[in-house]
Amino acid sequence: MDRHDVTELPQYFENLKRQKQLLRDAQSRRGQRPALRPRMETILQFTMRAMANDANGIGSATAGGMQYIASSFVPSSYPPCVTPFSELTKTPLRGLVLETHHRGSYLLVRCATRQDSMTAIMAIVEDESGDVVLLQLYHQEQANDPVENILEEGMILVVKEPYLKVTSDGGFGLRVDHVSDIEFLSPDDDRIPRVWQGTSSSRTALAWKTEGNDFFGQAKYRAAIRAYTGGLDSSPSLDEAHAITLNRSLAFIKRKAFEQALSDIDAAAEITNPTEKALFRKAQALYGLQMFRDCCQVLKQLCLAYPDNKSAKSEFARAISRHSEETQGRYDFRKMYAGAAKLRPPHLDNATHIGPVAIKDSTISPGGRGLFTTKPVSAGDLLFCEKAFAHAHASEAAGTTSRAPAVTLLVDTNSDRVTMGTEQELTNMIIRKLHDNPSLASTVTSLHHGSYQPVEQTSVDNRPIIDTFLVRRIIALNSFGCPLNSRQSHLSLATKPKTESAFYSSGIWPKASHLNHTCTSNAHRSFIGDMMIARATRNLPAGTELTWWYHPPPVEPVPYLEHQKVLLRTWGFMCKCALCRDLRNTPESVITKRKRLLAEFRTLVPTREGGQTRSLVAGRLVGVEALKKAEGVVERTAATYKKPAVEVPRLAVAGLLLVLAREWDERGKPLEVARFALAALEAYGFVVDGGNLATGVGGETLVVKVWGVMVDNVIDCWIFLRKAYQMVAPELVAVAGGYAKVAYRVCIGEDETFDETYGRFG
Ligand SMILES: C[S@@+](CC[C@H](N)C(=O)[O-])C[C@H]1O[C@@H](n2cnc3c(N)ncnc32)[C@H](O)[C@@H]1O
């Protein structure tokens, strides 16, 4: 939904074809025994390449000052290991064959080099015989963490059910796609062979704690957690266990592993009554999990027991604000804009509010679910305002600063799609969040995943199992591309030569994922940072299934199948809404005629994008004669539609009528402006009573009887009307302004900035 699908662009389609050929070539080597390469040579070569990559900035978003677009290839999906470790058999590297998942086996390896990171985190690893191979870990963490490496020389790992994959350069490496298929061993793990054992096993709990604190001080939270865990495994005294557990809880909080933090805090509370520090951390973890009511309770307890604790008081106030957003749906939108402008990534400190909606069996998606109203709502009403479960931001500076996540070209041979954006980063974020907070798993895994068959087991050896390919599939079918904020996108429509309808930033909003598609739509989404705001576009009775479009309905005349192609390829369905049904019954000759008329209109009134953008070519003046002719062209276009616009909106015609309204506005002709703006609204499917200045306005009212398709242009229609009435029918100004404000609220998400954008009136 609003993501950059570039599959059809020739260069990317070629890329997809090439990757599929590589895949076939690789698979033809399945079962071959690889020729392992000499140890020292492999290590040296890898280390030198990693150093060269460091020097060139590869692995960060910039390479040599140029924008660096990483490319990632998704292999054929395979399930994660679900077998307990005790039932796996150890295999040496020499026991592995190419392109094979070694089910029932595990490898014990030690990192023989530092890490290098591209889209995967890589290092050379060795087994106990000293044989070496390239290890490629996918989806472990954000690949560009400047502080902490995932792989360090000397680290010992278990690779479950190893997969020796042929790489694109014809070599091979151990590829790990599922985070649960890898286990990082602590230095005193008894699975570590004697030859690899260091001196650590004799360390005291206190020594581990000190090491953990040192790592914590350097913001190396993973390492700190490993050290604290070492301390807890080294027979600590009760006091030591309490201190280490609480320290580890803070390291978990820093890594946003809130559930693990909570379980540590609860464990510490079993040793002694919760301390001030413990209560504070509990509140932090609950806040992180967005459990604001529970968080408020803990903070209340803390404030009562420790009245001098100022941080507790301010945290309490913050948690109360979130709780009231959550329950009442009232937001400080200006503060949200300020947050989105300042924070990078623009992840706002706001709560989700779910309004009058509920999930039920869909009336549109056969066998699927949908989102329905639970009470009557009016156009502009808030349906929900949802915080992203995960949101990957491609900053305005994507590819220009080392910390800006690069846009990734993702080539997926499972779905035959090539996308450009932040899907890769989003996948990593979701996997990490689920891994660290397993109880959140079903929020994501219950989302629609088409025909993908995930493993049923959710944990093994007390660790969560996360199926990367399931997450990928869910992202492909449910994620949304999003702007930094919808107001900015709306404003830029006035100046940009081309309307931007796809975005590089992306996210998953679980509630929003339940809306099905129609081109006519009765709900609209907008964004501020990682918050999605969904509003009704029409007055709807209780029990109405809510829909919006995944892919915008065509504003240019296109044949039926061309419009369905994207829906079918990306989401696996064909739309049967009124617009699509009408298009299916429209003969090709009529489409051709509409195209011809549109071209004629463009020669008469040359707009930047044929009438679909909100601004005209600067400095051009169209003669009145041409406008009259253009009007005739629009009339002839409208005559090609059989059904009334209220049943089948005429989006292409509406855009052209708005262009004419704008032209007459520039010439200061209010009667014409009102005529064309109202005609444009009608073409969008609105039924408006009154307001037509040409037919006389004395004492007339202006009422929307039926709401039509809600696009940014609708705001303009009402703004033009307001302006026209200001000149000749002041009694209608406030009404037109009120409708403009509703349209603005729907399309932008809020109406607090309406006056700022369109000026006061009246
Ligand atoms: C984001 S999910 C929407 C919720 C989904 N129906 C569910 O059961 O969870 C997208 C999927 O819903 C189905 N879908 C959405 N709109 C549809 C429509 N107009 N007709 C048929 N299926 C639709 C398709 O299977 C699509 O891949």
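For ligands, and for the atoms within them, numbers begin at 1 and follow the listed sequence.
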Counting from 1, what ligand 1 atoms have a heavy atom of G368 closer than 4.0 Å?
8 (O)
Below 3.5 angstrom, do we get any N/O pair linking H448 and ligand 1?
yes
Just list the side-chain donor-acceptor pairs under 3.5 Å for residues 345-353, sequence neighbours left out, or say none.
| residue | atom | partner | partner atom | Å |
| --- | --- | --- | --- | --- |
| H347 | NE2 | H391 | O | 3.0 |
| H347 | NE2 | H391 | ND1 | 3.0 |
| D349 | OD1 | Y287 | OH | 2.5 |
| D349 | OD1 | R322 | NH1 | 3.4 |
| D349 | OD2 | Y287 | OH | 3.2 |
| D349 | OD2 | R318 | NH1 | 2.6 |
| D349 | OD2 | R322 | NH1 | 3.4 |
| N350 | ND2 | E325 | OE1 | 3.4 |
| N350 | ND2 | E325 | OE2 | 2.9 |
| T352 | OG1 | K387 | N | 2.9 |
| H353 | ND1 | E326 | O | 2.9 |
| H353 | ND1 | G329 | N | 3.3 |

Could you tell me whether R594 sits above the aromatic face of Y641, with NZ or CZ closer than 6.0 angstrom to the six-membered ring centre and within 45 degrees of the axis?
yes
Distance from atom 20 (N) of ligand 1 to nearest protein heavy atom, with residue and atom:
F573 CD1, 3.4 Å
protein heavy-atom neighbour closest to atom 27 (O) of ligand 1 works out as W571 O, 2.7 Å
Lys/Arg N to Asp/Glu carboxylate O, R535 vs D751, below 4.0 Å
no
Of all protein heavy atoms, the one nearest atom 10 (C) of ligand 1 is Y550 OH, 3.3 Å
Per-atom contacts of ligand 1 with I364, taking only distances under 4.0 Å to non-hydrogen atoms
18 (C), 19 (N), 20 (N), 21 (C)
Does any N/O atom on S513 come nearer than 3.5 Å to any N/O atom on ligand 1?
no
Residue pair N485 / Y337, side-chain donor-acceptor N/O under 3.5 Å
no
For K165, all residues meeting salt bridge (charged side-chain N to carboxylate O under 4.0 Å, His left out), sequence neighbours excluded:
E99
Looking at ligand 1, does any of its N/O atoms fall within less than 3.5 Å of an N/O of N516?
yes
Ligand 1 versus L515: contacting region, heavy-atom distance under 4.0 Å
backbone
How far is atom 16 (N) of ligand 1 from its nearest protein heavy atom, and which residue and atom name does that atom have?
H517 N, 2.9 Å
Looking only at protein heavy atoms, identify the closest one to atom 9 (O) of ligand 1 and say how far it is in Å.
R369 NH2, 2.8 Å
For L477, the atoms of ligand 1 under 4.0 Å from one of its heavy atoms are 1 (C), 27 (O)
Using only heavy-atom distances, determine whether the side chains of T422 and S506 contain a donor-acceptor pair under 3.5 Å.
yes
Do we get K360 above F372's six-membered ring, with its NZ or CZ under 6.0 Å from the centre and within 45° of the axis?
yes
Is it the case that atom CZ in R293 sees more than 12 heavy atoms from other parts of the structure closer than 6.0 Å?
no
